[in-house]
Amino acid sequence: MAVNAQQKNGVVTGDVIDENRSMLPFVQVSLKKVQDSSRVKVVLADISGHFLFEVPAGKYFIEFKMMGYTTLKSKPFAVSEAQSHALGAISLHPITTELATVTISAPLPFVERKADKLVVNLNGMGAGAPILDVMNQLPGVTVTPDDRISLNGKSVQIYVDGKATTLSAEALSGMLKGMSSSAIQKVELIAQPSAKYDAAGNGAIINIIRKRNYSAGLNGNAYAGGGKGTFGKANGGINLNYKGKSYNVLLNMDYNYNKYFNDSYIVSMLSTAGSSVRRSVSDIQSTRTSANYTPNLGADFYLSKRTTLSASIRPGFQSLTRDAFSKISLNAGENPGSGSEFVNIVGIKANNLSSGLRLQHQLDTAGRELTIDLDYYRSGNYNDQDNRNIVLSPFSDLPSTVSQDRVFDVYAIKTDYTHPLKNGSQFEMGMKTSYVNSGNTNFYKDLSSQQTDVFNYKELISALYLTYDHTGKKLSYQLGIRGEYTHGQGEQQFGASSFTRHYLQPFPSLHLDYKLNPSNSLSLGVNKRIERPGYESLNPLVRIINSNNLQAGNPALQPLIAYNADLWYGYKNALFLGVTYSYAKDDFTSITVPTGEDILTTLPGNADYSSYVTLQAMYGKQVLPWWYTSTSANLSKRSFKGEFNGMILQSDGIASLSATSYHSFSITKRFSLMLLFNYRGKSMERTITTQPFAYLTAGIRQQFLNKRASVQLNVMDIFKSYKNFYQQNSGSVQQTWQNTFETRMAKLNLSYSFGGTIKNGKKNNGAEEEKKRSAVNEN
């Protein structure tokens with residue numbers, strides 16, 4: 001009997017980079033025999049540009065293909081049995097076509113349509129400007145002067161490298177203003193999230209993916225900016241990355257300072273049972289100062305060629321001071337002498353800590369991969385108020401102090417498994433379990449009394465998901481199903497009230513993309529989502545606006561269940577036409593209720609339902625070598641029905657038109673001009689009717705030092721035309737709000753990159769939805 005020894009395969013590895021030595025992900029890498037050029041294996045380089053083959057001994061060469069880049073063939077090489085052959089870094093160069101004296105480069109396409117998302121490759125857009133300023137240039141994205149972000153008219157949750165942001169609205173704005181666009185590779189616009197994502201949140205997702213660097217040694221970039229409106233602003237930061245043979249260390253330090261004003265004029269009309277009407281007017285003038293400092297330390301340890309252990313820790317420090325002065329008139333017009341003045345001085349310290357471990361293991365060269373995430377998140381918000389209520393008739397001075405503490409602890413474990421199949425198919429599954437402990441304390445003290453109230457909330461969420469993807473020449477699709485079980489328990493010590501809720505819900509999703517021909521495509525997205533109340537929305541403890549306007553949460557608030565569908569037509573990845581429909585049961589809305597004589601409290605509530613339909617058009621294209629435009633418009637209408645203050649309110653809504661148009665003009669190769677116009681027509685959303693507004697922003701940009709450095713000057717809201725004016729109908733309570741912000745300002749930003757781009761460490765996180773819900777919004 002003859003026994004042949006088993007042959008051991010050799011290993012071929014390498015990394016694909018671009019002309020700037022930045023990683024180049026998802027390149028098609030084909031291994032071929034030297035003898036007859038026959039194909040042996042084909043793989044896609046991973047997100048880091050790394051590829052690996054296991055093959056028998058022999059002579060081979062490799063062919064690299066990537067849209068927008070020249071095809072490259074390696075030199076022939078020999079692979080020995082049971083030996084490793086490292087090709088090192090392979091550089092691909094963009095395709096260039098020379099026309100007379102003009103050279104046109106063809107980088108990655110600006111917009112790529114995937115089955116479940118729209119991918120925008122920045123390709124250097126913004127050149128160092130804050131990413132928040134660049135977002136208005138993306139298809140369907142709108143950023144208002146008060147930093148509210150929407151996608152196709154829907155609210156969004158911001159992700160960074162696949163991880164949900166952990167900050168409140170104010171701190172998130174500061175982070176995005178301090179994040180340089182030169183460090184961003186691409187942005188994913190996910191209008192209908194698939195079953196892979198947390199089912200929570202009825203809005204869209206914007207995922208910002210930062211550039212990753214695999215060059216050995218020290219690399220980084222630095223940026224700084226300043227602005228002037230009524231008050232001054234400043235931001236700056238530095239990113240450092242050091243890569244050794246078996247490890248990679250990342251350090252980010254971002255800082256943002258902003259002083260601004262936020263004034264409100266509130267008219268409230270309260271109808272009583274006898275049809276009499278009480279009227280109050282509050283004129284609030286508020287000056288605010290915020291400072292955000294968010295260092296971030298991450299490390300990757302390459303335990304083997306297939307196994308990486310990542311660790312990250314990101315503390316955040318925020319301070320906010322608010323000095324507000326209110327003039328309050330009761331029954332204005334009938335008895336002008338009845339009123340008061342209210343002084344509200346607030347100091348807020350907010351600290352948060354996000355930390356995690358991630359183990360990523362490639363089971364084989366075919367693409368099977370297992371990841372495990374362990375995460376801990378803690379957020380503390382400590383609010384101290386010094387109030388002074390001055391009653392004009394009779395005259396008296398009533399001082400009081402309020403201390404409000406909000407602390408959240410989140411623990412999460414998440415596991416994902418990817419299994420590629422034949423013919424462009426892929427199977428994914430995963431699980432997640434998270435536990436949240438929320439503690440809230442109010443302490444009130446005046447000249448005659450004091451009171452302490454405590455509200456605690458605990459919540460456990462367990463989830464399983466399964467998705468199947470197929471990518472074909474014509475038809476690509478993704479099917480997904482997710483199941484989530486929620487158990488929550490809340491207890492308020494004052495009044496000894498408590499509640500418990502638990503529910504199990506399935507969340508299916510479907511995404512289809514069909515290419516009619518190389519220029520035309522259709523895509524369809526359908527999903528079911530849930531939006532759980534934010535922890536602050538469940539908190540019944542009162543927050544003070546002034547002496548007769550309060551805010552509070554609502555423990556009776558039920559989760560929102562939404563069914564969404566959208567259909568899109570795409571032409572040459574430049575023109576997109578779409579229709580979206582959404583139906584939400586127990587939709588969230590804001591209501592105002594009387595809680596005492598001349599005292600009104602605004603709190604969240606549930607409507608019976610709301611439905612939303614919108615027609616959308618987006619166009620983004622390099623029209624001429626010197627002119628790029630991104631323009632979008634949508635026509636939307638929302639209807640709803642609900643009971644508020646004992647009255648049934650029902651509305652078919654009104655048709656609302658909104659539009660955004662961005663234009664960039666290259667005057668020279670390194671000097672450009674930017675114009676941005678935003679318009680939003682009159683709209684009706686649930687109980688709130690908002691008046692129309694429009695504004696214009698302009699800017700110039702200069703690049704230098706071989707495009708490693710850039711300076712950009714923007715003037716926001718040139719004509720000071722932005723307005724925030726709305727009416728709220730809560731049945732027996734009618735309110736008109738006119739808010740005035742600091743919107744016209746000039747901003748100067750400078751960015752410089754040295755030694756390459758920045759690699760981000762841990763790109764995913766298990767405590768995603770819980771962090772969003774822990775956000776504390778300022779009054």
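Heavy atoms only: backbone and side chains are in, while hydrogens, waters and symmetry mates are out.
Taking the six-membered ring where tryptophan is involved, the planes of Phe499 and Phe455 are essentially parallel, since the angle between them stays under 30° and well short of 60°.
By the 4.5 Å heavy-atom criterion applied to side chains, Tyr726 and Thr689 are not counted as neighbours. At a threshold of 4.5 Å between non-hydrogen side-chain atoms, the residues Val407 and Tyr382 count as touching. The shortest side-chain heavy-atom distance between Tyr257 and Thr289 falls under the 4.5 Å cut-off. With a 4.5 Å cut-off on side-chain heavy atoms, Lys747 and Lys228 do not count as touching. Inter-residue side-chain proximity for Tyr260 and Thr287 is flagged as unmet; no heavy-atom pair is nearer than 4.5 Å. In this structure, the side chains of Val281 and Tyr265 come closer than 4.5 Å at one or more pairs of heavy atoms. Counting only heavy atoms from C-beta outward, the side chains of Lys585 and Tyr609 never approach each other to under 4.5 Å. Gln285 is not listed as a side-chain neighbour of Thr740, based on a closest heavy-atom distance of 4.5 Å or more.
Shown here for Thr486 and Glu459, the closest heavy-atom pair between the two residues is CG2-OE2, 3.9 Å. The minimum heavy-atom distance between Ser268 and Gln735, with the atom names listed, is OG-NE2, 2.8 Å. Residue Gly653 comes nearest to Met684 through the heavy atom pair CA-SD, 3.9 Å, listed as atom of the first residue, atom of the second, then distance. The minimum heavy-atom distance between Asp586 and Pro559, with the atom names listed, is CB-O, 3.7 Å. Met745 approaches Gly229 most closely through the heavy-atom pair CB-CA, 3.7 Å. Here the closest heavy-atom approach between residue Thr697 and residue Asp717 is recorded as OG1-N, 3.4 Å.
Looking only at distances, a side-chain donor or acceptor of Arg744 sits under 3.5 Å from a matching main-chain atom of Ile718. Within the 3.5 Å criterion, the main-chain N or O of Asn352 finds no donor-acceptor partner in the side chain of Ser379.
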Evaluate the criterion side-chain contact (heavy atoms from CB on, under 4.5 Å) for residue pair Phe408 and Asn437; output intermediate values, then yes/no. CA-CA 6 Å; Phe408 305 90; Asn437 187 7; over 6 Å; no
Audit row: Asn564, Asp566, side-chain contact (heavy atoms from CB on, under 4.5 Å) steps and yes/no: CA-CA 7 Å; Asn564 308 290; Asp566 61 12; over 6 Å; no
List the steps, then state whether side chain to side chain donor-acceptor pair (under 3.5 Å) holds for Asn442 with Asp453. CA-CA 5 Å; Asn442 267 20; Asp453 200 357; over 6 Å; no
Residue pair Gln505, Lys528: steps toward the side chain to side chain donor-acceptor pair (under 3.5 Å) verdict: CA-CA 10 Å; Gln505 286 276 359; Lys528 176 186 175 183; 2.7 Å; yes
Using side-chain contact (heavy atoms from CB on, under 4.5 Å), reason through Lys637 and Ile654 one step at a time and then give a plain yes or no. CA-CA 6 Å; Lys637 188 176 182 181; Ile654 58 176; over 6 Å; no
What's the verdict on side-chain contact (heavy atoms from CB on, under 4.5 Å) for Ser582 and Tyr563, showing C-alpha distance, side-chain angles and the deciding distance? CA-CA 6 Å; Ser582 178; Tyr563 303 87; over 6 Å; no
Let's go through Asn440 and Ser438 carefully: what are the C-alpha distance in whole Å and the side-chain angles of both, what is the deciding distance for side chain to side chain donor-acceptor pair (under 3.5 Å) to 0.1 Å, and is it a yes or a no? CA-CA 7 Å; Asn440 308 270; Ser438 169; 3.2 Å; yes
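Partner Tyr583 forms a side-chain contact (heavy atoms from CB on, under 4.5 Å) with one of Ser610, Ser611, Ser639 and no other, that one being Ser611. Of the candidates Asn634, Asn678, Leu635, Ser658 forms a side-chain contact (heavy atoms from CB on, under 4.5 Å) with just one, namely Asn634.
Going from atom CD1 of Ile206 over to atom CD1 of Ile190 covers 9.5 Å, rounded to the nearest 0.5 Å. Here the CG-CG distance, from Asp608 to Asp587, works out to 10.5 Å after rounding to the nearest 0.5 Å. Here the NZ-OG1 distance, from Lys259 to Thr321, works out to 8.0 Å after rounding to the nearest 0.5 Å. To the nearest 0.5 angstrom, Met269 atom CE is 12.5 Å from Asn729 atom CG. With rounding to the nearest 0.5 Å, the separation of CZ in Arg638 from CG in Asp652 is 13.5 Å. How far CD1 of Ile284 is from OG of Ser264: 5.5 Å, rounded to the nearest 0.5 Å.
Looking at Ser290 and Asn258, their side chains never bring a donor and an acceptor atom within 3.5 Å of each other. A donor atom on one side chain and an acceptor atom on the other are found under 3.5 Å apart for Ser661 and Thr631. Side chains of Gln489 and Thr500: a donor-acceptor N/O pair is absent below 3.5 angstrom, by distance only. Judged purely by distance below 3.5 Å, without hydrogens or angles, the side chains of Asn256 and Asn235 never pair a donor atom with an acceptor atom. Residues Gln616 and Thr580 have side chains that bring a donor and an acceptor to within less than 3.5 angstrom of each other. Under the 3.5 Å distance criterion, with hydrogens and angles disregarded, a donor-acceptor pair is assigned to the side chains of Arg288 and Ser286.
The aromatic ring centres of Phe693 and Tyr722 sit less than 6.0 Å apart.
Applying the salt bridge (Lys or Arg N to Asp or Glu O under 4.0 Å) rule to Lys233 yields the partners Glu742; only residues at least two apart in sequence or on another chain are considered.
No more than 12 heavy atoms of other residues, nucleotides or ligands sit less than 6.0 Å from atom NZ of Lys720. Within a 6.0 Å radius of OH in Tyr679, more than 12 heavy atoms belonging to other residues, nucleotides or ligands are found.
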